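Read the numbers this way: they start at 1 and go in the same order the structure lists the ligands and their atoms. Keep in mind that what you see is a predicted model, and the values were worked out from it rather than measured.
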Amino acid sequence: MEEDILNSELNPELITSKVLQKKEAEKDVETDKIKEEAEEEFRHINNPTANLKPIVKKYLGAPAEIERSKNRFYISDGDARVEILVVSEEIIRVRLAPHGVFLEEFSYAVPNLPQYKGEAILTESEQEYRITTPKVNCHISKKDFFISFSDQDNHITNMDAEPMHWEENVQFGGYYVFGTKVCQPEEAFYGLGDKATDLNLRGKRLKNWNTDAYSYAWGQDPLYRSIPFYISLDKGIAHGIFFDNTFRNYFDFGGESHNKTSFWSDGGELQYYYIHGPHMMDVVKRYALLTGTHAMPPMWALGYHQCRFSYYPESKVKMITAKFRENQIPCDCIHLDIDYMDGYRCFTWNKKYFPDPKRMIGEIAEKGFKTLVIVDPGIRVDDNYWVFKEGKSKHYFCRRSDDYYMEGHVWPGRCQFPDFTNPEVRTWWGSLFTELMEQGVTGVWNDMNEPAVFGSGTFPDDVRHQFDGFRGSHRKAHNVYGMQMVRATYEGMRKLMKNKRPFTITRAGYSGVQRYACVWTGDNIASWEHLRLGNLQCQRLSMSGISFCGTDIGGFSGNADSELFTRWIQMGTFSPFMRAHSAGDTKEREPWSYGEPYTTIIRNFIELRYRLLPYFYSVFWEHHRYGFPILRSVIMQEQEVVMNQGRQDEFTYGDKILVCPVMEPGQMSRRVYLPTGNWFNFWTNELVEGGKEVEVLTPLENIPIFVKAGSVIPEYAVMQYVGEKEIEEVKLNIYYTNGEVKSYMFEDYGETFAYEQDIYLEKKFIADGSKAGSFIIQQTSEGLYTPRYDNYHFNIAGLPYKPSKIVINGKELVHFTINREGVVDFRFTKNFKQIEVLK
Ligand code: MIG
């Protein structure tokens, strides 16, 4: 008996009463009545803590029963409950309530949960409950509560290695929650937002806790953003897991135990979405269905941005902007870092440096420059500062558990911080931009919103947040704080700018942040290693739902030499967000700073960015509207090719242009992998067969760029900034294919929300060379927008024959030329239906 007690979970030292021993003895014959009596007695004993069990991890027991309410299924093990929700044919959500009570449903990541219209089928066998949609089966094992998922061919894509488990958190309440899946021998893992490491995360343990990571190193973790979403790829089949949990959370991809993949968190609910594949692209698109995509940016935001910590005073800003025009290097936007403010107080100007901001902004706007300013969350404690006074009187600043204000030192000195998780505070914050907008500011950069605090790093855990009415400490709100700040900024600007599209940048974020902002990768370093890292970061962000991203071109800290800066500009030309930025203690770093031949090469690439703008803009639309990632790693294009798991240098922008940055000094040539199919060397129009690696020359003047055969790539004439010139015609670069290839082009006003009212044009081109001696291009379009230009300028490259005749809409075209490289050149109205290029 005594031994039994010692071995039980009861703490023997605390067992003082006979009542308890009696209770233990009666364990097997307990009836409700006896229980009641025992509890009666229990209340009268001297030591009520006697019954306490030590805190251990608890696991789901065998499922006892299942209930359903439409497409929600509840399975209980007698105490804990699990909810399985069918979100769509391909998405299933799993939630755990350790003692049967679920937390209130609320998510910053998923504001509008899709409602599944169909009906899931529930079946039961001796071994399992099974919930089935036309695409996925969710299996709940009756023996051990393991949950697994399989496809229509009954191939298991994901399965528990342990039942879901949890551990009580005595200090804060709630539970640490854990999910553990089987990690297959050859499974690879992608995604997870911004991790400074190789694309495949296999073998790694990573943490999500937004961190100001100044000059981060390769492998440093965590960084600025938390995106608890990963993509698994096993034997050519992909699925995704989105662990929607804002607390400090962790992922282990076969690191601790080679055959287990786990994710766990310091609090909140064990709540995850299983996202079915089988293609990585499907998983990414379905993740976008849950968490949203970037809104269409104003077209100018896809141009080149120039930044530095900091450009001041006004004369410097004028000088820099003038130099762009003098050097004929295109640029759309100049960024003002913290020194434009008065003592780093947000929403003020340093009047010594900028005596009349409205005039200055207007003057540089005449030269085609947009002005973008930075804001930080820290508001200086200063009773003579209107923002602080307002925030204080309205109780908008965050407080500690004992009601003291959360105070910390940041750039302005002693600061308090708005609670952006309070919708009223967000509205207030949004309204603070009124004056800046009136002065002509068109973009806002949200920095330090992890939130960063000098010395301590961030807020202490006990800071309280309103959390949109669902309340929480900083443990719960930390990872969403920055996202809610930029949300407030974006929504405020959207109101103030009426029908114009705001442009916002954020450093911190959580899943769904893409709905409010573009992201840059924070304080990187001017090194070749960081150039390589930046490539990986942008690719990974793109497949993690944050397509609109870029690095500080040239590296924030340290000095980039001429070659590094040039190579970085070349890579940055193919980053969805293209901005050069540098810390204040570095050498000047504008596109002309390095002299020739660098300035010319840099100009050529920035010009290339502007030439390709209509293509970049169309790819953005594909992201916005359909959830496609903008940058696509080769593994996403050919996930069945195992070797692609190790290929991470090359990527495509959209699905037509493949880029391979040069990331080593002095590199005169490099190997580039081209996915299966035919490709054209962008620089030479040479046809190259894919499905293999090719050696490509990489003189400083260029980097390897290839265009997929059959592509129609729209091109603008070079402009110094978007809107400098009326678009008089669009060039269509068409690349021959012996098959059939579709291309898309999106056009609209470029800066309004009219596209939400269907005022846009989505053009589809089908290039078809499947019949020998003929190459046909057809155009169809959808939407209500009419571009103002009349003609296309056609360039058809790569024809395997010399054309003798071109027939457009059934009529023979009289004038066309063929240049030395065999490129066929002619013009025709933008309304053509069909072009036939005949042998
Ligand atoms: O404590 O605003 O990452 O881009 O230039 C540093 C000054 C604050 C960090 C940002 C960087 C910016 C800098 N900021």
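In this structure, the protein non-hydrogen atom closest to atom 4 (O) of ligand 1 is His581 NE2, 2.9 Å. Among all protein heavy atoms, the one lying closest to atom 2 (O) of ligand 1 is Asp337 OD1, 2.6 Å. Closest protein heavy atom to atom 13 (C) of ligand 1: Asp447 OD2, 3.6 Å. Closest protein heavy atom to atom 6 (C) of ligand 1: Trp411 NE1, 3.5 Å. In terms of protein heavy-atom proximity, atom 11 (C) of ligand 1 is nearest to Asp523 OD1, 3.4 Å.
With ligand atoms numbered from 1 in the order given, ligand 1 contributes 2 (O) to contacts under 4.0 Å with heavy atoms of Ile374. If you number the atoms of ligand 1 from 1 as listed, the ones under 4.0 Å from a heavy atom of Met448 come out as 1 (O), 8 (C).
Contacts with ligand 1 closer than 4.0 Å are made by no heavy atom of Tyr224, backbone or side chain.
Ring orientation note: the planes of Phe548 and Phe577 are nearly perpendicular, at an angle over 60° on the 30°/60° scale. Ring geometry, His474 versus Phe459: the interplanar angle falls from 30° to 60°, so the pair is classed tilted.
Under the 6.0 Å distance and 45° angle rule, Lys476 counts as a cation-pi partner of Phe467.
Residue Asp552 places no N or O, backbone or side chain, under 3.5 Å from any N or O of ligand 1.
Rounded to the nearest 0.5 angstrom, Tyr250 OH and Asn208 CG are separated by 10.0 Å.
When the shell of 6.0 Å around NZ of Lys318 is examined, it contains more than 12 heavy atoms from other residues, nucleotides or ligands.
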Legend entry - Full working for salt bridge (charged side-chain N to carboxylate O under 4.0 Å, His left out) between Glu424 and Lys394: CA-CA 10 Å; Glu424 201 181 313; Lys394 292 178 168 158; over 6 Å; no
